[in-house]
Amino acid sequence: MDAHIEDIARCEGQTVTLKGWLHNRRSSGKIHFLTLRDGTGFIQAVMSKQTVGEEAFTRADHLGQETSVVVQGVVRADTRAPGGYEIDVTSLEVVGESHDYPITPKEHGVDYLMDRRHLWIRTPRQHAILRVRHEIIDAVRDFFNGRGFILADTPIFTPAACEGTTTLFPVQYFEDTTAYLTQSGQLYNEANAMALGRVYCFGPTFRAEKSKTRRHLTEFWMVEPEMAYATLDDVMELGEALIVAIVERVLERRRTELETLERDVSRLEAVKAPFPRMSYDEAVEILKKEGLPFEWGGDFGGTDETVLSQRFDRPLLVHRFPSAIKAFYMKPDPARPELALGVDFLAPEGYGEVIGGGERLADLDLLLQRIKEHDLPQEAFEWYLDLRRYGTVPHAGFGMGIERTVAWICGLEHIRETVPYPRMLYRLYP
RNA sequence: UCCUCAGUAGCUCAAUGGCAGAGCAUCCGGCUGUUAACCGGAGGGUUGCUGGUUCGAGUCCAGCCUGAGGAGCCA
């Protein structure tokens, strides 16, 4: 009977077939300890000379790390085993040999591992992270699908800057046109919301910024919901519910992986609604009290975000920023027009902004004025302006960075481990 | 783009300006409960590149290359 390691507990006492790879091998003369992996988990297989015979035992003497093998054996509960179970091997078949595997059980440097990322992802830690990433993405989809949101993806090739602020990657589009890789689905999402009510897009986005920090990738995944007839308050509630749903889901289904990552799950268990909320004004007061050299009107730096978020055990919502530091499409606060109805979600433990969003500018004249102020080419935004010409409504939405969310939930030092093949400044291989 | 740090065996790292070293990996031998297994032995070097100082440079100086951490910007 074929079996997978992740549900080996259900096979206790039975003879099973595992198809996988040899992760590591130890031997003490008449007994081999083979750590196997099959993509679903890791388990130790015990091969004794007595059981399999001299010939088969000797053949297993020189199996290299990552040799692909099909192993038959009996599942046995064992308190000494990390997962609680072991396999007593009855037969072993080599599918593909492996010699001089580059990633040995000892430590390696980041550069070395990054050059071998295609092999690095086989290790227990990376395996656990990618499985948590999958669970987070699955939770995100279930969350929106279960609330009546329609997945309406936005283009990756775009004709011009969405926001005109950050740097874009140009690509040649046939003979004589330059296209740009999207940095946000935001504007198209608004059009989709006017067509479908509540929508979300979920895809890769690209930023050609020469950022060199543990929080940045040049290619990252973002989920962006957008709702017609919605306000800033709706966005804050939706984002809060989304994060709660993600954390609950990972705690429920990926305990084993969090354990592998040595994540302090009590920090995740504390993430429950309601999240603390404060205005930008209040945040500035706190930063000043903490003695940071921060002036009203500026944007938060990494240190500022960390100081603010470390005061709470769950994500912090900071809302109503100065319009000057926010995108042109943000709606001004009617009570104080110098403020924008935007919100940032700052993850706890210093992980920074995971969600950014707010209420959009629905008024045609004001939007035209903002486009002029930001020195943007109006003709490129005519389609976007149409959304205000033909039945404009209050609407709001946000973007959540998947990799930062994964980094936070897994408790990682660096965002580069949150995606199979990270793209960064100076990192395009493999 | 700016600031700081690093580059020595396949990997991770030592070496006061004075003989190029260790652990792991590999190969050989030993071991029936290992958990990054352990024990004994063997092989393994253009010290990132170019130039300079010096009797002598892995070590000091200059430039370059590659990478890491941080800043700015952002999710």
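Labels below follow one simple rule: chain letters A, B, ... track the order of the sequence lines, proteins then strands, and each chain is numbered from 1.
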### Out of B:G33, B:A36, B:A68, whichever nucleotide has its closest atom nearest the side chain of A:Pro105
B:A36

### Query
Out of B:C11, B:C73, B:A75, which nucleotide sits closest to the side chain of A:Tyr112?
B:C11

### Summary
Closest of B:C28, B:C73, B:A68 to the A:His216 side chain is B:C73

### Summary
Looking only at B:A71, B:U32, B:G67, the nucleotide nearest the A:Arg215 side chain is B:A71

### Task
Could you check whether A:Phe220 and the base of B:A75 form a stacked pair, meaning centres closer than 5.5 Å and planes differing by less than 30°?
yes

### Query
Counting side-chain heavy atoms from C-beta on, which of B:G33, B:C28, B:A68 comes nearest to A:Arg80?
B:G33

### Task
State the pairing partner of B:G69; accept Watson-Crick or G-U wobble contacts with both distances under 3.5 Å, and report none otherwise.
B:C3

### Message
Between A:Asp138 and A:Arg254, does any NZ, NE, NH1 or NH2 come within less than 4.0 Å of an OD or OE carboxylate oxygen?
### Response
no

### Donor-acceptor pair present, A:Thr104 side chain and B:C11 base, under 3.5 Å
no

### Query
Quantified in whole Å, what is the C1' atom distance between nucleotide B:A57 and nucleotide B:U16?
14 Å

### Query
Is the count of non-hydrogen atoms from other residues, nucleotides or ligands lying under 6.0 Å from A:His108 atom NE2 greater than 12?
yes

#### Entry: G-U wobble or Watson-Crick pairing nucleotide for B:A36 (cut-off 3.5 Å, both distances)
none

### Query
Counting only distance, no hydrogens or angles, is the base of B:G33 paired donor-acceptor with the side chain of A:Glu86 under 3.5 Å?
yes

### Task
Under the side chain to side chain contact (heavy atoms under 4.5 Å, CB included) rule, what do A:His216 and A:Ile415 come out as? Steps first, then yes or no, please.
CA-CA 7 Å; A:His216 289 84; A:Ile415 201 168; 5.8 Å; no

### Task
Write down the distance separating the C1' atoms in B:U26 and B:A9, rounded off to the nearest Å.
12 Å

### Task
Choose from B:G33, B:G69, B:A75 the nucleotide whose nearest atom is closest to any side-chain atom of A:Leu217.
B:A75

### Task
Please tell me which of the listed nucleotides, B:A75, B:C11, B:C73, lies nearest to the side chain of A:Arg207?
B:A75

### Task
Please work out if A:His23 contacts a base, only the sugar-phosphate, or nothing of the nucleic acid, heavy-atom cut-off 4.0 Å.
nothing

### Message
Parallel, tilted or perpendicular, judged at 30° and 60°: which one describes the rings of A:Trp296 and A:Tyr280?
### Response
perpendicular

### Query
So, A:His23 versus A:Gln65: side-chain donor-acceptor pair below 3.5 Å or not?
no

### Message
Pairing check on B:C49: which nucleotide meets the Watson-Crick or G-U wobble criteria with it, both distances under 3.5 Å?
### Response
B:G63

### Ring center gap for A:Phe381 and A:Phe328 short of 6.0 angstrom
yes

### Task
Quick one: look up who B:A42 pairs with, Watson-Crick or G-U, both distances under 3.5 Å, and put none if it's unpaired.
B:U26

### Query
Roughly how many Å is it from NZ in A:Lys326 to C1' in B:C74, rounded to a whole number?
9 Å

## Note on the structure
A:Ile31 has its side chain closest, among B:U32, B:A75, B:C74, to B:U32

### Task
Rounded off to whole Å, could you give me the CZ-to-P distance for the A:Arg26 and B:C24 pair?
16 Å

### Task
Answer with base, sugar-phosphate or nothing: what part of the nucleic acid does A:Ser48 contact at a heavy-atom distance below 4.0 Å?
nothing

### Message
Need one value for A:Ser27: base, sugar-phosphate or nothing, where a base atom within 4.0 Å counts as base even if backbone is also close, heavy atoms only.
### Response
base

### Query
Hey, does the side-chain of A:His108 have a donor or acceptor N/O within less than 3.5 Å of a partner on the base of B:C11?
no

### Query
At under 4.0 Å between heavy atoms, what does A:Arg76 touch on the DNA or RNA strands: base, sugar-phosphate, or nothing?
base

### Query
Just checking, any donor-acceptor pair under 3.5 angstrom between side chains of A:Thr231 and A:Asp234?
yes

### Message
Which nucleotide, if any, forms a Watson-Crick or G-U wobble pair with B:A14, using both distances under 3.5 Å?
### Response
none

### Message
What's the closest nucleotide to the side chain of A:Lys212 if the choices are B:A68, B:A75, B:U32?
### Response
B:A68

### Message
Please determine whether any donor N or O and acceptor N or O are separated by less than 3.5 Å between the side chain of A:Arg116 and the base of B:C11.
### Response
no

### Query
Picking from B:U35, B:C74, B:A75, which would you name as closest to the side chain of A:Asp299?
B:C74

